[in-house]
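Keep in mind the model is a prediction, meaning the values are calculated, not measured. Basis for what follows: all heavy atoms, side chains included, without hydrogens, waters or symmetry-related copies.
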Amino acid sequence: MTIQELETYIEQYGNSIYAFCRKLCMDTEQAEELYQEVWLKAVKDIRKIRSDENVKSYLLSIAVGIWKNRKKKYAVRDRIAPAVPITEEMESLLADERDGALAEILREERRQAVLQAIKDLEDNYRIPVLLYYMEEQSVKEIAHALHIPQGTVKRRLWVARNKLSEKLEGYINE
């Protein structure tokens, strides 16, 4: 792959990769750092990227790999000095409450409940859910990105849907 081809992929997939990083990190600052690291790694490994394969899937797998490594580092740091970041979702909820529109508050509450339910999933369920529903990756692409069998991806999506359904039962019926 050439730098020009990579630039084309940055234009084509940049927004989608960034949005995935935001959902994965649940923190804007960390998402921006992850997004930058994904492209730095892509530039570094430019010879490994094959244009004839699914480049977006490859980039998403880079994001997941970097995020998992960072998460391990953050876990160690968090044991030493815990931190509580204010997420973008929290900020938007506060902004919506100031508006005072009841319908908007209820919609935001439901959205927050879904986001929180997804966030509360274990990583092995949360990552396939984000890839499948947010990034619209196929089961095959997710399996390739996560280096697991397609059957495992299907099972994790099924389990995740059941867990989300149980957790969001009150919001689904409203």
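Looking at Leu131 and Phe20, their side chains come closer than 4.5 Å, going by heavy atoms from C-beta outward. Residues Glu135 and Lys23 form no side-chain contact, since every pair of their non-hydrogen atoms from C-beta on lies 4.5 Å or further apart. Taking 4.5 Å as the limit, some side-chain heavy atom of Glu33 sits within range of a side-chain heavy atom of Arg70. You'll find the side chain of Val55 stays beyond 4.5 Å of the side chain of Glu5, heavy atoms only. In this structure the side chain of Asn54 never reaches within 4.5 angstrom of the side chain of His144, judged on heavy atoms.
Residues Ala63 and Leu34 come closest through the heavy atom pair O-CD1, 3.7 Å. For Val38 against Ile17, the heavy-atom pair with the smallest separation is CG1-CG2, 4.3 Å. Leu146 and Pro128 make their closest contact through CD1-CG, 4.1 Å (heavy atoms, listed as atom of the first residue, atom of the second, distance).
Put simply, the side chain of Arg126 gets close to the backbone of Leu24: a donor and an acceptor are under 3.5 Å apart. A donor-acceptor pair under 3.5 Å is absent between the side-chain atoms of Asp45 and the main chain of Lys48, judged by distance alone. With Ser61 contributing its side chain and Tyr58 its backbone, the two residues share a donor-acceptor pair below 3.5 Å.
Between the CD atom in Gln36 and the CD1 atom in Ile66 there is a gap of 11.0 Å [rounded to 0.5 Å]. Atom NZ of residue Lys41 and atom CD1 of residue Ile46 lie 13.0 Å apart, to the nearest 0.5 angstrom. Annotation: the span from Lys140 atom NZ to Ile142 atom CD1 amounts to 13.0 Å, rounded to 0.5 Å. In this structure, the separation between CE on Met134 and CD1 on Ile118 is 10.0 Å, given to the nearest 0.5 Å. Here CD1 of Ile127 is found 11.0 Å from CG of Leu60. Values are rounded to the nearest 0.5 Å.
One hydrophobic cluster holds both Val153 and Tyr133 under the rule that ILVMFWY side chains link at heavy-atom gaps under 4.5 Å. A continuous path of ILVMFWY side-chain contacts below 4.5 Å connects Val43 to Tyr18, so both sit in one hydrophobic cluster. Both Val139 and Trp158 are part of a single hydrophobic cluster, where members link through side-chain heavy atoms under 4.5 Å apart.
Ion pairing between a basic and an acidic side chain is recognised when a charged N comes within 4.0 Å of a carboxylate O; Glu141 and Lys56 show no such pairing. Salt bridge status for Lys163 with Glu122: present, with a side-chain N to carboxylate O gap under 4.0 Å.
Aromatic ring orientation, Trp39 versus Tyr35: perpendicular (interplanar angle above 60°, classes split at 30° and 60°).
If you check the side chains of Asn162 and Glu166, you find no donor sitting under 3.5 Å from an acceptor.
Listed by chain and number, the residues in a ring pair (Phe, Tyr, Trp, His ring centres under 6.0 Å) with Tyr125 amount to none (sequence neighbours excluded). With sequence neighbours excluded, no residue forms a ring pair (Phe, Tyr, Trp, His ring centres under 6.0 Å) with Tyr132.
Within 6.0 Å of CZ on Arg161 lie more than 12 heavy atoms contributed by other residues, nucleotides or ligands.
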